[in-house]
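Have a look at the structure below, then the notes.
These values consider heavy atoms only, across backbone and side chains, with no hydrogens, waters or symmetry-generated copies.
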Amino acid sequence: QRYVEEHGLKEIYLSWFGSARPEHYGISYRPLPGYPLHQGEAETFAFNPYHPAPGTYAISVSNLQGVALRDPDTFLWFRQRQPTARIGNSIFIYEVPAEESEGTVCLGGVHLSDLDSATVEALLQRYVHIKTFAPQTSLVWPETGPLWLITSDVAPFDSALRETVMQQGKSIAEHGDYRVIHLADTQALDRWLAALTACSQAWWSPATAFPVDEPLREAMPLSLPADFAHRIALLGYQNTEGPLHPGEAFTVTSAWRVLDQSKPPLAIFVHLLSPEGQLVTGWDGLDVASLSWVEGDTFVQVHHLTVPAEADPGEYLLELGVYSPETLARWPISVSATDTTDRVLLALVQVGEGQ
């Protein structure tokens, strides 16, 4: 903490060996792989071990040597260099000089350790942003290109989005477990997003129960994007068209914009509600690593739900929101100068008779 204060550092990259939480000491940091806290693969932390991003790095010596890390060579790049300072002979400080990013590499269902040497040499031995996502249920892209998708699949959850990527992107390498697709810019992805947003309607209401004959009758229209705590914004969504039946699975796909880097964990919820306001079924989670986000990023998340087998016919409501898994507190949305809400109401879901 003294080092950070004396050098006027607003934030550091920190690989911490120990169970005490650095934030309790007032240290603002972006976590890197460590032990026993912050375990995981390097890419989960948006860390490129072949060419770290510019900034100040504080690395515990045990982690530097890879004693308890999944990949003992996570910090090999730093081991090959002299630290600029040593704190307590147990934490080494390194300075990575500033430079312009050459683009973004998005990893979908692929680990850095899975990549062949040619891909590593071509894409990762330079300063690029690293982002990760689960390709079966999500996608993430930056505000501007160039962009390289390294993925085991390409948007299987949406045929139009898949077609957009495949038509506009250039496949530059294919391997047994992944392919590399290059997009010079993100304009085609943004056009897909604009079409999604144009079809999206949303409402808000403080009510806990709704009119059975017309559940959204007393709800107020809500303009999108919907700003959650000035950190992320809901841009639009799409859900399964046509009437559903008891026992039938369906999906809701939501699209989001990052307004500010959200370091604390967060999750999205989608709930199917009866007009009485009772929870019928729901989905909670997030399949894009939020530690990789920067302002302007766009991400898409698919939410899988199933109508309960015992559900009665009728119109059901969908509510969507964001919350902290640590505190369970929902993130607020300002809907007027005086009103806030903690959820967005989506288009109604029609449930028919059982088949």
Side-chain angles (χ1 to χ4, degrees), residues 133 137-143 157-158 161 186 189-208 210 215-240 250-273 277 279 282-288 290 293-305 315-325 327-349:
F133 64 97
T137 54
S138 63
L139 183 63
V140 62
W141 65 86
E143 187 173 17
F157 54 84
D158 186 281
L161 181 56
T186 61
L189 295 171
D190 294 337
R191 286 195 294 270
W192 173 88
L193 177 64
L196 178 77
T197 302
C199 299
S200 300
Q201 290 182 289
W203 296 262
W204 75 277
S205 173
T208 56
F210 303 85
L216 290 173
R217 182 175 63 218
E218 298 173 6
M220 282 74 75
L222 177 63
S223 298
L224 297 179
D227 178 342
F228 286 81
H230 307 302
R231 290 187 173 175
I232 63 173
L234 174 68
L235 304 178
Y237 69 93
Q238 62 184 14
N239 55 11
T240 302
F250 68 101
T251 62
V252 177
T253 302
S254 58
W256 304 78
R257 171 91 12 91
V258 176
L259 305 178
D260 189 15
Q261 291 180 194
S262 300
K263 289 179 288 186
L266 68 142
I268 301 169
F269 68 83
V270 177
H271 295 158
L272 186 67
L273 304 177
L279 177 65
W283 182 99
D284 296 63
L286 179 63
D287 295 326
V288 179
S290 60
W293 290 349
V294 297
E295 182 180 344
D297 283 355
T298 298
F299 69 93
V300 178
Q301 176 67 58
V302 179
H303 320 274
H304 290 277
L305 301 95
E315 289 186 313
Y316 289 75
L317 296 111
L318 279 170
E319 65 171 7
L320 176 150
V322 180
Y323 72 97
S324 164
T327 66
L328 301 183
R330 293 186 179 186
W331 290 14
I333 312 165
S334 295
V335 293
S336 71
T338 57
D339 295 312
T340 61
T341 186
D342 59 11
R343 65 179 179 181
V344 175
L345 297 175
L346 309 182
L348 296 174
V349 172

I'd like to know if the side chain of [X] reaches the main chain of [Y], judged simply by a donor and an acceptor atom lying under 3.5 Å from each other, with no hydrogens or angles considered.
{"X": "Tyr237", "Y": "Ala347", "value": "yes"}
{"X": "Thr327", "Y": "Ala329", "value": "yes"}
{"X": "Ser138", "Y": "Asp287", "value": "yes"}

Pairwise side-chain contact, [X] with [Y], heavy-atom cut-off 4.5 Å (strictly under):
{"X": "Val294", "Y": "Val258", "answer": "no"}
{"X": "Leu286", "Y": "Leu266", "answer": "yes"}
{"X": "Val335", "Y": "Thr341", "answer": "yes"}
{"X": "His271", "Y": "Tyr316", "answer": "no"}
{"X": "Thr253", "Y": "Gln301", "answer": "no"}
{"X": "Leu216", "Y": "Leu345", "answer": "yes"}
{"X": "Leu348", "Y": "Pro215", "answer": "yes"}

For the residue pair [X] and [Y], what are the closest heavy atoms and their distance?
{"X": "Pro225", "Y": "Ala233", "result": "CB-CB, 4.0 Å"}
{"X": "Gly236", "Y": "Ser200", "result": "CA-OG, 3.3 Å"}
{"X": "Ala202", "Y": "Val344", "result": "CB-CG1, 3.5 Å"}
{"X": "Leu305", "Y": "Leu272", "result": "CD2-N, 4.4 Å"}

### Task
I would like to know whether Val300 and Trp192 meet side chain to side chain contact (heavy atoms under 4.5 Å, CB included); could you show each step before the answer?
CA-CA 11 Å; Val300 178; Trp192 173 88; 3.8 Å; yes
Spatial distance of atom [atom1] ([X]) from atom [atom2] ([Y]) [nearest 0.5 Å]:
{"X": "Thr240", "Y": "Gln238", "atom1": "OG1", "atom2": "CD", "value": "9.0 Å"}
{"X": "Trp204", "Y": "Asp342", "atom1": "CH2", "atom2": "CG", "value": "11.0 Å"}
{"X": "Asp227", "Y": "Leu234", "atom1": "CG", "atom2": "CG", "value": "11.0 Å"}
{"X": "Leu346", "Y": "Asn239", "atom1": "CG", "atom2": "CG", "value": "7.0 Å"}
{"X": "Leu318", "Y": "Leu273", "atom1": "CG", "atom2": "CG", "value": "8.0 Å"}
{"X": "Trp203", "Y": "Leu222", "atom1": "CH2", "atom2": "CG", "value": "10.0 Å"}

### Query
If you count the non-hydrogen atoms of other residues, nucleotides and ligands that lie under 6.0 Å from NE2 in His304, is the total more than 12?
yes
### Query
Have Ser254 and Trp256 got a donor and an acceptor in their side chains that come within less than 3.5 Å?
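Note: Ser254 and Trp256 side chains meet the donor-acceptor criterion.
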### Side chains of Asp284 and Tyr323, donor plus acceptor under 3.5 Å
yes
### Query
What do the steps show when you test Ile333 against Thr340 for side chain to side chain contact (heavy atoms under 4.5 Å, CB included), and what is the final call?
CA-CA 5 Å; Ile333 312 165; Thr340 61; over 6 Å; no
### Candidates Asp190, Asp297, Thr186 - the one meeting side-chain hydrogen bond (donor to acceptor under 3.5 Å, both in side chains) with Trp141
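So the option named by the test is Asp190.
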### Task
Would you please name every residue forming a salt bridge (Lys or Arg N to Asp or Glu O under 4.0 Å) with Glu319, sequence neighbours left out?
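Applying salt bridge (Lys or Arg N to Asp or Glu O under 4.0 Å) to Glu319 gives Arg330, Arg343.
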### Task
Given side chain to side chain contact (heavy atoms under 4.5 Å, CB included), test Leu259 with Arg257 step by step and report yes or no.
CA-CA 6 Å; Leu259 305 178; Arg257 171 91 12 91; 4.2 Å; yes
